[in-house]
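Just so you know, ligand 1 is whichever comes first in the structure, and atom 1 is the first atom listed for that ligand. Given the structure is predicted, the values throughout are model-derived calculations rather than measurements.
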Amino acid sequence: VELEFLQWLRNRLPLDMRAPLGLSDDAAILQLSGGGRVVATVDMLTEGVDFLLAQDRPQRIGRKALAVNLSDLAAMAARPFAALVALTLPRKGGMELAKQLFEGIIPLAEEFGVALAGGDTNTWDGPLVISVTLLGDVTEHGPLLRSGAKAGDAIVVTGKLGGSRLGHQFDFRPRVREALWLAENSELHAGLDLSDGLALDLWRMCQASNLGAIVEIARVPVSEDAAKWAANVVDGSTPVEHALSDGEDFELLLAMPPRDAERLVNEQPLACGLTIVGEFVSASGAEDGRIWRREADGSRAPLVPRGYEH
Ligand SMILES: [Mg+2]
């Protein structure tokens with residue numbers, strides 16, 4: 001539904017109203033009249049869809065509402081500086097709930113140097129909705145786009161993947177500092193944040209960059225939670241399948257020259273870890289955006305871009 005609507009909106013908008021990348025990358029890039037650029041992104045979380053108040057503490061929900069936006073700016077290697085928070089609160093207990101949400105937002109905003117610049121609050125008889133808009137600076141090394149990957153580039157991910165439903169989906173650390181560090185200390189060609197699973201998000205980067213990709217399945221960094229989840233949920237999925245398609249990892253997916261990638265993987269300068277999981281390959285005609293999985297024995301099969309679709 002979201003894809004179809006975005007397609008309609010792209011066609012409906014007059015050309016001069018379309019900000020560069022506004023509807024296709026992790027965030028929009030806005031040109032300021034005095035020079036300089038601002039990166040802007042917004043995300044909305046809804047009770048019953050993205051969280052359950054009966055199950056998830058409001059602080060965690062508030063934190064996540066900001067964290068997902070921080071992750072989107074990390075994907076662009078932008079430096080966040082201000083947030084706007086809009087709340088639609090249930091009539092009963094709304095004020096107390098609002099305070100608790102901000103108890104989750106404020107420490108994370110403080111940690112990442114983000115000013116809470118404004119917002120809006122409404123009350124109604126429906127469920128809680130929280131929307132955060134985040135603005136960031138483009139550094140001299142950015143912005144990083146989805147579309148810049150080149151054939152032969154290494155596919156690099158931060159951290160470990162899969163099993164986010166066991167808690168990581170709320171408690172993840174947005175990779176803002178890591179992205180800024182990497183942009184300064186290596187040649188990054190493309191980036192996005194893994195919100196819907198490696199298989200689907202890599203496919204998106206391939207579409208944007210007009211490339212294909214091969215994932216070395218044995219190299220995919222599988223989180224302990226992915227293994228736990230696979231052991232507890234009997235649906236035939238192995239831990240690595242969870243790592244490929246669970247989603248909400250909020251790690252970085254990067255395209256960079258293999259030499260840079262190998263140097264970084266040898267040095268491991270980031271606490272979260274860096275892994276080369278494969279390479280981008282040129283695609284032609286009908287195979288545009290086609291991604292492959294290569295097993296440890298060398299056999300190759302299409303990697304189905306299946307993941308978490310919002
Ligand atoms: Mg994103």
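By the 4.0 Å N-to-carboxylate-O rule, R63 lies too far from E111 to be salt-bridged with it. Comment: R175 does not engage D193 in a salt bridge, judged by the lack of any side-chain N to carboxylate O separation of less than 4.0 angstrom.
Sparse packing is recorded around CZ of R259, with 12 or fewer heavy atoms of other residues, nucleotides or ligands lying under 6.0 Å away.
For the Mg ion (ligand 1), the nearest N, O or S atom contributed by D26 is named OD1. For the Mg ion (ligand 1), the nearest N, O or S atom contributed by D72 is named OD1. The atom of D193 that is an N, O or S and sits closest to the Mg ion (ligand 1) is OD1.
Between D297 and S299, the side chains place a donor N or O and an acceptor N or O closer than 3.5 Å (distance only, hydrogens not considered).
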